[in-house]
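These notes are about the structure you will find just below.
We name chains A, B, ... by the order of the sequence lines, and we start the count at 1 in each one.
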Number of protein chains: 2
Amino acid sequence: MNSNITIYDVAREAAVSMATVSRVVNGNPNVKPSTRKKVQDAIDQLGYRPNAVARGLASKKTTTVGVIVPDISNIFFADLARGIEDVATMYKYNIILCNSDQNREKEIHLLNTLLGKQVDGIIFMGGRLHEDLVREFKTSPVPIVLAATLNQDYDLPAVNIDYESAAYDAVKSLIDHGHKRIGFITGPLEQQINGEKKFAGYRNALEEANLPFDEQNVVLGNYTYDSGMKAMNQLLELGEDCPRAIFAGTDEMALGVIHALQDAGHRVPEDFEVIGHDNTRLATMIRPKLTTVVQPMYDIGAVSMRLLTKILNQEEIETNDVTLPHRIEHRDSTRSS
Amino acid sequence: MNSNITIYDVAREAAVSMATVSRVVNGNPNVKPSTRKKVQDAIDQLGYRPNAVARGLASKKTTTVGVIVPDISNIFFADLARGIEDVATMYKYNIILCNSDQNREKEIHLLNTLLGKQVDGIIFMGGRLHEDLVREFKTSPVPIVLAATLNQDYDLPAVNIDYESAAYDAVKSLIDHGHKRIGFITGPLEQQINGEKKFAGYRNALEEANLPFDEQNVVLGNYTYDSGMKAMNQLLELGEDCPRAIFAGTDEMALGVIHALQDAGHRVPEDFEVIGHDNTRLATMIRPKLTTVVQPMYDIGAVSMRLLTKILNQEEIETNDVTLPHRIEHRDSTRSS
DNA sequence: CCTTCATTGTAAAACGTTTTCATTCGCTAT
DNA sequence: ATAGCGAATGAAAACGTTTTACAATGAAGG
């Protein structure tokens, strides 16, 4: 029931002006300790809770940031969101979370809704930046940082890993194990990270090892377990020509791959080696445990948010475009050396 | 750059008053079509975007609801959040998402932050309702609905399944397969749902079948895969007395159980039967696929949010305390009949 | 042609803060 | 004493809407 008591009530109770109350609420040092105490007592007694909306209107700061992700129910994005939220909390921000489903109109609509709500900044993750969206980004009155989202051609603040080199490393390690044919199971090609970067890394590794690129070794999935199974079964139909080493674009697809293999009576890693991507918790919940490229989504989220706070505080920033390190976590779906 | 243009600018541009602009923006029918068009043109031309903060201050509605969950990075809560967000979107609300980590002080602090931000309502999920928290709930100026959170003694709006009966069903089905000793792996006992309800269901089923309750058959985990493994290994140490049927309180723990079993050379479901709880996506990503109690988190989220909108719109409400149906999804970690 | 009532538009008062600027207070240094 | 000064306080103007109370306009009925 303390929702209707205002700064003015507190002022009256403490026999000061509302400006003074505002000062103590905001920690302004120019308040005599005795006055501060008087005001604080009144606040406690009345159960005063500052109205953030009014505050936002007056100060033009809402201490709220918008977060747009494709789908929070996906463990991958959920991890990112947690990273964002944790550092947001640290800096006293709240998060308005939105799911875009990678839908172009929805992305734009959400962006506008968030701007309408006067968020202080936005963190965006999506598969590909469309022109319209970039145009909106460019004219945004508040800073926007891209998380795990590619940014070429535009110079928006962004946090990523080097996907191409990560994919290269993964495929390279497979090649180092003597494989001549490497299967590659990835997501939709129009997705920049999966379709372009990882693919490029795959080809680079092949090329460097003087291995031929064979189109039938790459198959498209949609990130899900089922699509991983399906893709592997498709590969299996190649018979003799089926690659014995698979790089899957996500852990979930890698799981599907391994199970498809096992269902067909093959052993992993003895007969087939499999590398995943992302290092979600899934990776350790399968037998054999999954060797995978670690893409630290939590960290990407945390760093993105930190970058955003730096921009908001006008702190010194080394670079707008940060690349986090990646590595391969070797587990049991690949042979040990 | 359209962030600084106000309703007043639009009014001037369209040669009407700001109230008229407000009317067209809010879809008030009392505006002459020609006027409406004139205003709309001005809005489009200027790129006017209503300031939701000012709007919130004037109207005392923010079209924002607060969501407090333990940890969004957990697939389980993420699913809930998605359900909430989807119907929130449907009703034009946005979501401020907060992670409580089930921490008592944090829960209270978050609640107050959200109330300070003038959310129109709150959806809360937590393990147990502490007294202080309930007190805050009771005096909240906005409605609060509990999602997948027990509510006994207090009459807060809530959406749940019948956990006790769900656990009963699961254990019963194990008993029906002829098992005399049933293992039960659950979460911390102070959690109401896991420690009390599911436990009660377990005991009921035992009792009804005239099976003795044996304390050594129940072991506590912390919901994680690892704790599931550990728990199962502990059970295995019972040797001859080890139960051959396990009910795990979460799918993730069930995964751990199955792998612990397999690592020890046992077969599931031939030697051991396992039932999980929640029916997360994990359940189909393991071999054998997991038989599990389905707790429809997405639906719980969606229904919670819908309930909240009903309260906010003062719609007729049959019951404050909705119980969603549950069922057992029979897959391959239990025998077929 | 005058009333009367809808319809549409206007002006101004909230909404609850922050912030700017002015004022007062309490001292110190003359 | 008193001018001068910094610290503490207060008054009032934003902030950008919604909403209320009216005023103006126009149409219809008598």
Side-chain angles (χ1 to χ4, degrees), chain A residues 2-40 42-43 46-64 92 113 115-120 141-142, chain B residues 2-40 42-43 46-64 92 113 115-120 141-142:
Chain A
N2 45 12
S3 69
N4 47 351
I5 88 118
T6 75
I7 200 174
Y8 191 70
D9 298 319
V10 176
R12 179 153 22 78
E13 178 77 15
V16 297
S17 74
M18 55 191 290
T20 301
V21 177
S22 175
R23 285 194 188 94
V24 351
V25 167
N26 292 292
N28 183 317
N30 282 355
V31 180
K32 190 161 57 174
S34 69
T35 309
R36 180 182 305 280
K37 170 149 188 356
K38 206 168 50 172
V39 172
Q40 192 58 57
I43 287 175
L46 265 37
Y48 168 67
R49 178 191 300 133
N51 181 326
V53 172
R55 213 197 273 236
L57 182 58
S59 69
K60 296 176 165 300
K61 302 214 168 310
T62 54
T63 60
T64 302
K92 313 272 190 210
T113 304
L115 292 178
K117 295 228 168 174
Q118 312 299 116
V119 294
D120 293 340
V142 301
Chain B
N2 46 13
S3 71
N4 46 350
I5 87 116
T6 75
I7 199 173
Y8 190 71
D9 298 319
V10 176
R12 179 154 22 78
E13 178 77 15
V16 297
S17 75
M18 56 190 289
T20 302
V21 177
S22 176
R23 282 198 187 95
V24 350
V25 168
N26 293 291
N28 184 316
N30 283 354
V31 179
K32 190 162 54 177
S34 69
T35 308
R36 180 183 305 281
K37 171 149 190 351
K38 203 168 53 176
V39 172
Q40 192 58 57
I43 287 175
L46 266 38
Y48 168 67
R49 178 191 298 134
N51 180 325
V53 171
R55 209 197 275 238
L57 182 59
S59 68
K60 295 178 165 298
K61 303 216 168 310
T62 53
T63 60
T64 302
K92 315 271 189 210
T113 304
L115 292 177
K117 294 227 169 175
Q118 311 300 116
V119 294
D120 294 339
V142 301

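Between A/Q118 atom CD and C/dT17 atom P there is a gap of 18 Å when expressed in whole angstrom units. Between the C1' atom of D/dT17 and the CD1 atom of B/I5 lies a distance of 13 Å, rounded to the nearest Å. One can place CZ of A/R55 at 19 Å from P of C/dC15, the figure rounded to the nearest angstrom. Rounding to whole angstrom units, CZ of residue B/R49 and C1' of D/dT17 are separated by 16 Å. With rounding to whole Å, B/I7 atom CD1 is found 15 Å from D/dC15 atom P. Look at CG on A/N4: it is 9 Å from P on C/dG16, rounded to the nearest Å. Atom pair A/K117:NZ and D/dC15:P shows a separation of 23 Å (rounding to whole Å applied). Look at OH on B/Y48: it is 7 Å from C1' on D/dG16, rounded to the nearest Å.
The side chain of A/K60 places an N or O atom within less than 4.0 Å of a non-bridging phosphate oxygen (OP1 or OP2) of D/dG16. Between A/S59 and the phosphate of C/dT17, there is no side-chain N or O to OP1/OP2 separation shorter than 4.0 Å. For A/Y8, no side-chain nitrogen or oxygen approaches OP1 or OP2 of D/dG10 to under 4.0 Å. Here B/S22 does not reach the OP1 or OP2 of D/dT17: none of its side-chain N or O atoms lies under 4.0 Å away. In terms of phosphate contacts, B/N51 brings no side-chain nitrogen or oxygen within less than 4.0 Å of OP1 or OP2 of D/dC15.
Contact check for A/I43 versus A/V25: side-chain heavy atoms found under the 4.5 Å cut-off. For the pair B/D9/B/R12, a side-chain contact is recorded, criterion being any heavy-atom separation below 4.5 Å from C-beta on. Side-chain contact check for A/I7 versus A/P50: every heavy-atom pair is 4.5 Å or farther apart. With a 4.5 Å cut-off on side-chain heavy atoms, A/V53 and B/K117 do not count as touching.
For the side-chain contact (heavy atoms from CB on, under 4.5 Å) test with A/V16, the passing option among A/V39, A/V31, A/V24 is A/V39; the others fail.
Of all non-hydrogen atoms in A/T62 and A/Q118, the two that sit nearest each other are OG1-O, 2.8 Å. For the pair A/T6 and A/Y48, the tightest heavy-atom approach, listed with the atom from each and the gap, is C-CE1, 3.6 Å. Between A/A11 and A/S17 the shortest heavy-atom distance is CB-C, 3.7 Å. Between B/T63 and B/D120, the closest heavy-atom pair is N-OD2, 2.7 Å.
Comparing A/N26 and B/L57 by the nucleotide of DNA chain C whose heavy atom lies nearest to each, the residue mapping closer to the 5' end is B/L57.
Summary of helix geometry: the two end axes of the helix from C/dC1-D/dG30 to C/dT30-D/dA1, each defined by five base pairs via their C1' atoms, are inclined to each other by 50° (rounded to 10°).
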Contact string for nucleotides 7-12 of chain C, one letter per nucleotide 5' to 3', B = base within protein heavy-atom range under 4.0 Å, S = sugar-phosphate only, - = neither, reads -BBBB-
